[in-house]
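The structure under discussion appears below in the form of structure tokens.
The figures here come from the full heavy-atom set of this structure, side chains too, leaving out hydrogens, waters and symmetry mates. We name chains A, B, ... by the order of the sequence lines, and we start the count at 1 in each one.
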2 protein chains.
Amino acid sequence: MLLQDVLKELRKAGIRLTPQRQEVLQALFDGLQGECQPQSAEEILQVVRKRYPGVSPDTVYRTLGTFKKLGLVREVNFRDGCRRFELALQGGHHHHLVCLRCGRSRELPFCPADCLVRVQEYCPDFEIEDHAFTVFGYCPKCREESRDVFRETVEV
Amino acid sequence: MLLQDVLKELRKAGIRLTPQRQEVLQALFDGLQGECQPQSAEEILQVVRKRYPGVSPDTVYRTLGTFKKLGLVREVNFRDGCRRFELALQGGHHHHLVCLRCGRSRELPFCPADCLVRVQEYCPDFEIEDHAFTVFGYCPKCREESRDVFRETVEV
DNA sequence: ACGGAATTAGGAATAATTCCTATCTAGGAG
DNA sequence: CTCCTAGATAGGAATTATTCCTAATTCCGT
Ligand SMILES: [Mn+2]
Ligand SMILES: [Mn+2]
Ligand SMILES: [Zn+2]
Ligand SMILES: [Zn+2]
């Protein structure tokens, strides 16, 4: 799905298409490229300001909240002190593997869907809205580096 | 496992047993009772201060960090603006179902262990440390209440 | 009991997020 | 096209969670 399609959807949903919102959306689409690092509000703000200086953090947060309510954006937590956001386009559902040292993440094409089914059976009257599955640990690069540090320490 | 056993383990691990740490540990054990709501640092601070006034937030955070490194405490995120903590005693591994409205949580006896295995295969060089599986949505009570509000709105 | 490394209190600093309010504007009605 | 207004924004202040700093204290092995 492309930016244009999403804009159409938003219009259909009765969302006013301000330039600010479009820029935030664009930033979210940009974040989809490459290694897919969900972005913090601050990061999105910086991207947006390149094209549209003067946007306020408040607007970014408000817009992300709006998009989240529409199911267009998902929030993820990487335990690095801020919330992160990424587009939740249909068919692209995934989760993350996060390095607790460098903070980089990798997409995981696994989803504990069976657990969700069991949860729904376990609590039939609970209305499930979203779920998080995130794996934390240390990436190969960071493990390598800490091994180096260890060597240096020992050799001294 | 009881408080005494954990204290023994801590001593074995070379952790200095200050009264502050013992109080934080006690607070965490208290949190285990009842409906198991993982506690925020602030909540723990309040509990600790009842017995031991004058503890600083810093100490609570530092202690939680220490316990986390030891694997004694797990951190969970309920999307309510603060980190939450709970004891991670052996055999008691579980996850949570969280209401986005009232913030209350319920324990889930399901763990996406199979996903973790696949993740480990997918990234053999990544050192998995921890994982999060949390289901968000609206609890029966909150759904009921919002239905009431809806009725009132319509009837006016 | 002593010494020293680890720990703490308290207050300042930081960083993320929200609130407030005067001003602006997208988009529907005419 | 112009007008109108509900909804959106900027900017700065306020809030809240968390960390940093440092002098003073304390656990615990010897
Ligand atoms: Mn992603
Ligand atoms: Mn729990
Ligand atoms: Zn890494
Ligand atoms: Zn609820």
query = Between residues 37-50 of chain B and DNA chain D, which residues have a heavy-atom gap below 4.0 Å?
reply =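 DNA chain D contact set from residues 37-50 of chain B: none.
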query = By a strict heavy-atom criterion of less than 4.0 Å, which residues belonging to residues 58-79 of chain A are in contact with DNA chain D?
reply =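 Here the set is Asp58(A), Thr59(A), Arg62(A).
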request  = Specify the angle, to 10°, made by the local axes at the two ends of the helix from dA1(C)-dT30(D) to dG30(C)-dC1(D) when five pairs are taken at each end.
outcome  =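 End-to-end axis angle: 40°.
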All side chain to side chain contact (heavy atoms under 4.5 Å, CB included) counterparts of [X], not counting sequence neighbours:
X	value
Cys115(A)	Pro112(A), Arg118(A), Phe110(B), Pro112(B), Phe133(B)
Arg74(A)	Ala88(A), His93(A), His95(A), Asp130(A), His131(A)
Arg16(A)	Arg21(A)
Asp5(A)	Met1(A), Leu2(A)

query = Among all residues two or more places apart in sequence or in another chain, which pass the ring pair (Phe, Tyr, Trp, His ring centres under 6.0 Å) test with Phe78(B)?
reply =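 If we apply the ring pair (Phe, Tyr, Trp, His ring centres under 6.0 Å) test to Phe78(B), skipping adjacent residues, the hits are His96(B).
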Outermost DNA chain C nucleotides near chain B [under 4.0 Å, heavy atoms] =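 On DNA chain C, the outermost contacted nucleotides are dA5(C) to dG10(C).
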query = Taking only residues two or more places apart in sequence or in another chain, which ones pass side chain to side chain donor-acceptor pair (under 3.5 Å) with Lys69(A)?
reply =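 Lys69(A) satisfies side chain to side chain donor-acceptor pair (under 3.5 Å) with no other residue.
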query = Of the residues in residues 13-23 of chain B, which ones touch DNA chain C at a heavy-atom distance under 4.0 Å?
reply =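 Arg16(B), Thr18(B), Gln20(B), Arg21(B) - these, ordered by number, are the residues of the stretch whose heavy atoms sit under 4.0 Å from the strand.
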query = With sequence neighbours left out, which residue pairs that include part of residues 25-70 of chain A fulfil the ring pair (Phe, Tyr, Trp, His ring centres under 6.0 Å) condition?
reply =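 Ring pair (Phe, Tyr, Trp, His ring centres under 6.0 Å) check on residues 25-70 of chain A returns no pairs.
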